[in-house]
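Take a look at the structure below.
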Amino acid sequence: AHVEQALALRDRLGDVVGYARSLNNLGILKWSSGDWDGAQADYQRALDMQEKIGEIEGRAQVCTNLGVLHTTRGNWDKAEGYLTRSLDIAQRIGHPYELALAHMNLGHLYLLQGHWADCGPHLNTAVTMYEEVGAQGNSNLNTTYYLQGLLCLEQGQLDAAQQWAKRSHDMLQTMVKETKQEEPPEWGVYEMLVARIAMARGDLATAQRHLERGIK
């Protein structure tokens, strides 16, 4: 309701850039609530407006959102097209966070498709860039560690997957010390990776224990 009010106000003010950003926000809300068709429509409207007015950074964000949405829906070609566009824009504007995000999402897409040779370089680049960004990128860095671990598991490299899990664990421990909070939600991603490794080793009891912690 608040986003729709913002859209109406921006429309009356003639704020085209703000209107496009609010459309993107509305798409995010619809995506989160399970309305994928509505999210796709809002993202596309936002992208059309941003292309018309030449809003470059916003275009990268919406292309990312459309790419992730199509990845989830299994529309591989469309997902690759949008994520590649996002990567190209991020490279042009020199935005490290958006660039790392594009590499991570392309790596995820290729992982789901079983394109290991294409997946690895993107994930490696994302790790390097997120580590350079610092605390701002920690959540996505942890997700990238998870994806790296899955890539190793898919190729039967259990010890290498364990090393990615260790890097995730070490980073999360640092986050807990710095923020002085209990285990952050990102810890659940680590637990899911450790569970997958335990499953690959045939230790189902340990896997179940980590899965339950991850869900919690």
Side-chain angles (χ1 to χ4, degrees), residues 28 31-32 34 36 39-40 43 60-91 95-133 137-172 185-203 207 210-211 213-215:
I28 292 170
W31 158 261
S32 299
W36 292 2
Q40 185 173 324
Y43 288 151
Q61 293 171 351
V62 180
C63 282
T64 293
N65 290 340
L66 278 165
V68 171
L69 176 57
H70 283 296
T71 296
T72 305
R73 304 190 92 159
N75 301 328
W76 307 132
D77 290 341
K78 287 184 177 180
E80 185 175 25
Y82 282 117
L83 292 177
T84 301
R85 285 175 67 185
S86 177
L87 178 64
D88 291 341
I89 295 169
Q91 287 174 330
H95 197 303
Y97 185 85
E98 289 295 334
L99 192 53
L101 186 61
H103 280 294
M104 182 188 77
N105 287 323
L106 277 167
H108 184 206
L109 172 64
Y110 294 136
L111 176 64
L112 292 173
Q113 292 178 282
H115 298 169
W116 315 138
D118 294 321
C119 172
H122 282 292
L123 293 182
N124 289 337
T125 302
V127 167
T128 300
M129 298 195 74
Y130 278 132
E131 287 177 341
E132 291 174 353
V133 168
N138 278 349
S139 180
N140 283 341
L141 176 58
N142 189 58
T143 300
T144 311
Y145 287 157
Y146 171 76
L147 295 175
Q148 289 275 29
L150 293 187
L151 176 61
C152 292
L153 286 176
E154 291 289 352
Q155 297 176 95
Q157 301 167 357
L158 273 63
D159 290 342
Q162 191 69 54
Q163 287 301 310
W164 286 112
K166 182 180 184 305
R167 289 177 71 170
S168 173
H169 184 269
D170 291 347
M171 186 192 72
L172 291 169
E186 289 84 359
W187 206 287
V189 178
Y190 159 76
E191 294 289 349
M192 301 301 273
L193 175 57
V194 176
R196 291 286 295 269
I197 294 170
M199 288 170 66
R201 296 188 188 279
D203 187 352
H210 284 291
L211 284 171
R213 286 198 68 203
I215 292 167

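Computed over heavy atoms, backbone and side chain alike; hydrogens, waters and symmetry mates excluded.
Contacts of Trp76 classified as ring pair (Phe, Tyr, Trp, His ring centres under 6.0 Å), with partners at least two apart in sequence or in another chain: none. Remark: Asp203 pairs with Thr206 by the side-chain hydrogen bond (donor to acceptor under 3.5 Å, both in side chains) rule, at least two apart or across chains. By the salt bridge (Lys or Arg N to Asp or Glu O under 4.0 Å) test, Arg201 pairs with Asp159, sequence neighbours left out. Looking at residues two or more places apart in sequence or on another chain, you find a ring pair (Phe, Tyr, Trp, His ring centres under 6.0 Å) between His70 and Tyr82.
There is a side-chain donor-acceptor pair under 3.5 Å between Glu191 and Trp187. Checked by atom type, the side-chain pair Arg167/Gln148 shows no donor-acceptor distance below 3.5 Å.
Taking 4.5 Å as the limit, every side-chain heavy atom of Tyr145 sits out of range of all side-chain heavy atoms of Tyr190. Taking the side chain as every heavy atom from C-beta outward, Thr144 and Tyr130 approach each other to under 4.5 Å. Side-chain contact between His103 and Leu123 is absent, with no heavy atoms from C-beta onward closer than 4.5 Å. When side chains are defined from C-beta on, Asn138 counts as touching Met171, because their heavy atoms get closer than 4.5 Å. Residues Glu98 and Gln61 form a side-chain contact, since some pair of their non-hydrogen atoms from C-beta on lies under 4.5 Å apart. Side-chain contact check for Leu151 versus Trp164: every heavy-atom pair is 4.5 Å or farther apart. Side-chain contact check for Asn140 versus Met104: some heavy-atom pair is nearer than 4.5 Å.
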- Message: I'd like to know whether Leu141 forms a side-chain contact (heavy atoms from CB on, under 4.5 Å) with Val133, so could you lay out the CA-CA distance, the side-chain angles of the two residues, the decisive distance to 0.1 Å, and finally the verdict.
- Response: CA-CA 10 Å; Leu141 176 58; Val133 168; over 6 Å; no
- Task: Go through the steps to decide whether Leu69 and Trp36 satisfy the test side-chain contact (heavy atoms from CB on, under 4.5 Å), and finish with yes or no.
- Result: CA-CA 8 Å; Leu69 176 57; Trp36 292 2; 4.1 Å; yes
- Task: Verify side-chain contact (heavy atoms from CB on, under 4.5 Å) between His95 and Leu99, making sure each step is shown before the conclusion.
- Result: CA-CA 6 Å; His95 197 303; Leu99 192 53; 5.9 Å; no
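No more than 12 heavy-atom neighbours from other residues, nucleotides or ligands sit within 6.0 angstrom of CE on Met199.
Minimum interatomic distance between Gly149 and Ala161 (heavy atoms only, all atoms of both residues): O-CB, 3.6 Å.
Residue pairs meeting the salt bridge (charged side-chain N to carboxylate O under 4.0 Å, His left out) criterion with at least one member in residues 141-157: none, sequence neighbours excluded. Counting only residues at least two apart or in different chains, side-chain hydrogen bond (donor to acceptor under 3.5 Å, both in side chains) contacts with residues 105-119 comprise Glu80-Tyr110.
To the nearest 0.5 Å, atoms CG (Asn75) and CG (Leu66) are separated by 11.0 Å. The structure places CG of Leu147 at 8.5 Å from CG of Leu112, a figure rounded to the nearest 0.5 Å.
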